[in-house]
Student: 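Take this structure first; my questions come after.
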Amino acid sequence: MNNKGLLIVLSGFSGAGKGTVVKRMMELHDEYALSISATTRSPREGEQDGREYFFKTVDEFKQMIQNQELIEYAQYVSNYYGTPKAYVQNQLEAGKNVILEIEIQGALKIKEMFPETVLMFIIPPTAKELENRLRGRGTEDDATVRARLKRAIEESQGVEDYDYIVMNDEVDCCVERIHNIVTAEKCKASNNYQTINNIREELKIFSEGE
Ligand code: 5GP
């Protein structure tokens with residue numbers, strides 16, 4: 001099987017539980033690495049610089065763009081978010097499956113640049129459940145919650161460009177679905193031509209004998 005890591009994009013409605021799913025994925029499987037994004041939004045309570053995000057000023061963020069340190073970046077509800085390049089490259093080379101938890105504009109840019117990327121869209125079981133989760137989080141004011149719900153409607157319109165829709169009804173089930181998809185994707189013929197060629201070359205040598 002192909003030893004190079006797979007690039008995985010997880011998107012989904014804000015409040016669909018992506019963060020919890022990713023955290024659980026890291027606990028259960030050590031062949032995954034989570035990319036930490038840079039953002040200009042302020043830290044929420046409990047968030048730490050370098051753990052949830054690299055928190056940047058707008059000027060610092062623009063400097064990162066200028067230095068070509070980001071694979072992609074996008075604006076979301078008036079803040080910038082971007083994926084640092086070096087970490088993703090290093091982890092893929094080390095054979096890790098790298099998860100990018102990013103929104104749709106960034107997801108589509110990544111797919112265009114790296115077509116073998118697997119785009120997954122995480123959905124809640126119902127719309128009501130999504131609203132409850134967003135309000136229950138208690139970290140956003142009413143206007144922000146509304147902005148996110150509105151944005152969720154817009155995001156669902158791009159969903160046909162994703163490869164998989166994965167329901168997060170229960171965290172461990174959702175993690176298992178994602179892991180199963182990744183396992184299947186890694187076995188895809190188009191991801192394994194190099195392996196087949198290596199085996200062919202060796203077989204040629206063996207079959208020719210001494
Ligand atoms: P939040 O502020 O709730 O942490 O994130 C808001 C949105 O930004 C989420 O949909 C999240 O997936 C997305 N996001 C986080 N990091 C990145 C990134 O590096 N690039 C892009 N394009 N979106 C991101």
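The structure displayed is predicted, hence computed values, not measured ones. As the structure lists them, so they are numbered: ligands from 1, and atoms in each ligand from 1. In this chain, numbering begins with 1 at the start of the sequence shown.
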Student: Nearest protein heavy-atom contact for atom 20 (N) of ligand 1: which residue, which atom, what distance?
Tutor: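 Checked against all protein heavy atoms, atom 20 (N) of ligand 1 sits closest to Glu72 OE2, 2.7 Å.
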Student: Which option wins on minimum heavy-atom distance to atom 14 (N) of ligand 1: Lys109, Arg44, Arg148, Glu101?
Tutor: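 Nearest heavy atom to atom 14 (N) of ligand 1 lies in Glu101.
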Student: Should Asp161 and Lys111 count as an ion pair when the cut-off is N to O under 4.0 Å?
Tutor: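 No salt bridge links Asp161 with Lys111.
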Student: Give a yes or no answer on whether the side chain of Asn168 reaches the backbone of Ala16 with a donor-acceptor pair at less than 3.5 Å.
Tutor: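 Such a contact is found between Asn168 side chain and Ala16 backbone.
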Student: How about Phe121 and Ile123: do any of their side-chain heavy atoms sit closer than 4.5 Å?
Tutor: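 Result yes, sub-4.5 Å side-chain heavy-atom pair found.
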Student: Which is closest to atom 2 (O) of ligand 1 by heavy-atom distance: Phe13, Tyr76, Tyr80, Tyr81?
Tutor: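 It is Tyr81 whose heavy atom sits nearest to atom 2 (O) of ligand 1.
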Student: Under 4.0 Å from a heavy atom of Ala74: which atoms of ligand 1 are those, numbered in the order shown and with their elements?
Tutor: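 Those of ligand 1 that fall under 4.0 Å from Ala74 are 22 (N).
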Student: Could you walk me through whether Glu47 and Arg44 pass the side-chain contact (heavy atoms from CB on, under 4.5 Å) test, one step at a time?
Tutor: CA-CA 6 Å; Glu47 286 184 336; Arg44 295 190 186 115; 3.6 Å; yes
Student: Among protein heavy atoms, which sits nearest to atom 23 (N) of ligand 1, and what does the distance come to when rounded to 0.1 Å?
Tutor: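 So the nearest neighbour among protein heavy atoms is Glu103 N, 3.2 Å.
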Student: Do you know which of Glu101, Lys109, Glu69, Glu72 makes side-chain hydrogen bond (donor to acceptor under 3.5 Å, both in side chains) with Thr83?
Tutor: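 Answer to the side-chain hydrogen bond (donor to acceptor under 3.5 Å, both in side chains) test with Thr83 among Glu101, Lys109, Glu69, Glu72: Glu72.
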Student: Does even one non-hydrogen atom of Arg41 get within less than 4.0 Å of ligand 1?
Tutor: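 Within the 4.0 Å threshold, so yes.
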Student: Nearest protein heavy-atom contact for atom 9 (C) of ligand 1: which residue, which atom, what distance?
Tutor: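 It is Lys18 NZ, 4.0 Å.
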Student: Ligand 1 and Gly82, any nitrogen or oxygen pair closer than 3.5 angstrom?
Tutor: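 Between Gly82 and ligand 1 (N or O atoms, distance only) the closest approach is under 3.5 Å.
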Student: Report the nearest protein non-hydrogen atom to atom 19 (O) of ligand 1: residue, atom name, distance rounded to 0.1 Å.
Tutor: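 Heavy-atom neighbour on the protein nearest atom 19 (O) of ligand 1: Ser37 OG, 2.7 Å.
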Student: May I ask you to check whether over 12 heavy atoms, not counting those of Arg51, lie within 6.0 Å of atom CZ?
Tutor: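 For Arg51, atom CZ is crowded (more than 12 foreign heavy atoms under 6.0 Å).
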Student: With heavy-atom distances below 4.0 Å as the criterion, list the atoms of ligand 1 near Gly106.
Tutor: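 Result: 22 (N).
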Student: Salt bridge or not between Arg177 and Asp169? Use side-chain N to carboxylate O under 4.0 Å.
Tutor: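 Here Arg177 pairs with Asp169 in a salt bridge, since their nearest N and O are under 4.0 Å apart.
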Student: Do you know which of Tyr73, Phe61, Tyr53 makes ring pair (Phe, Tyr, Trp, His ring centres under 6.0 Å) with Tyr81?
Tutor: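 Of Tyr73, Phe61, Tyr53, ring pair (Phe, Tyr, Trp, His ring centres under 6.0 Å) with Tyr81 is met by Tyr53 alone.
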Student: Considering only non-hydrogen protein atoms, determine which one is nearest to atom 4 (O) of ligand 1 and report residue, atom name and distance to 0.1 Å.
Tutor: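 Sorting protein heavy atoms by distance from atom 4 (O) of ligand 1 puts Tyr53 OH, 2.5 Å first.
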